[in-house]
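Read through the structure below, which is laid out as structure tokens, and then see the notes.
Order of appearance sets the numbers: ligands from 1, and atoms from 1 within every ligand.
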Amino acid sequence: MNKIIERLRNRGLKPTSQRIAVLKNLTERRDHPTASDVYNDVVKKYPTISKATVYSTLKLLSEKGEIQELSIRKMGEACFDSILELHHHFLCRECGKIIDIYTNCRNNCVIIKAGEIDGNIVEEIQAYMYGLCSDCAKKNN
Ligand SMILES: [Zn+2]
Ligand SMILES: [Zn+2]
């Protein structure tokens, strides 16, 4: 719990109980939840918290760089990730699961190697992959 408070303070955020609850929930899961997913969990412990509060807290935390908001969408809703280290995401079109993909292609990536594209300097790439996850692929066979 102290770690969560410290993380909020380091970002210049007052560690309110709601912010603590939201950030704690996000750091304890690896499923890249939407604001609704986080709300459904947090509300069990904090019945007075609103979905709007959870959403604005997640927005604030990503603006401050404490978490990241993914461009990938689950049922049209933004997904959040507490892992800031560069990694890619795979979305399963069958079960909607989002999987972390760690692949170090920095050294042989043709886009990074180009250094710049049309005058734009490429510093990092985050890929979004879509398809069938290994579980769903097995079921379909
Ligand atoms: Zn799947
Ligand atoms: Zn991730």
Worksheet item: Under 3.5 Å, side chain of R93 to main-chain N/O of Y130, donor-acceptor pair present?
Response: no
Worksheet item: How close do T27 and S82 get, heavy atom to heavy atom, and via which atoms?
Response: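 Minimum heavy-atom separation between T27 and S82: CA-OG, 3.5 Å.
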Practice prompt. Just to the nearest 10 degrees, tell me the angle at the Zn ion (ligand 1) spanned by C92 SG and C95 SG.
Written response: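 Vertex at the Zn ion (ligand 1): approximately 110°.
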Discussion item. Would you say CZ of R9 has more than 12 non-hydrogen atoms from neighbouring residues, nucleotides or ligands within 6.0 angstrom?
Written reply: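 No, not enclosed.
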Worksheet item: What N/O/S atom of D100 gets nearest to the Zn ion (ligand 2)?
Response: OD1
Worksheet item: For the residue pair Y128 and H89, does the interplanar ring angle fall in the parallel (under 30°), tilted (30 to 60°) or perpendicular (over 60°) class?
Response: parallel
Worksheet item: Given OD2 of D81 on one side and NE2 of H32 on the other, what angle do they make at the Zn ion (ligand 2), to 10°?
Response: 100°
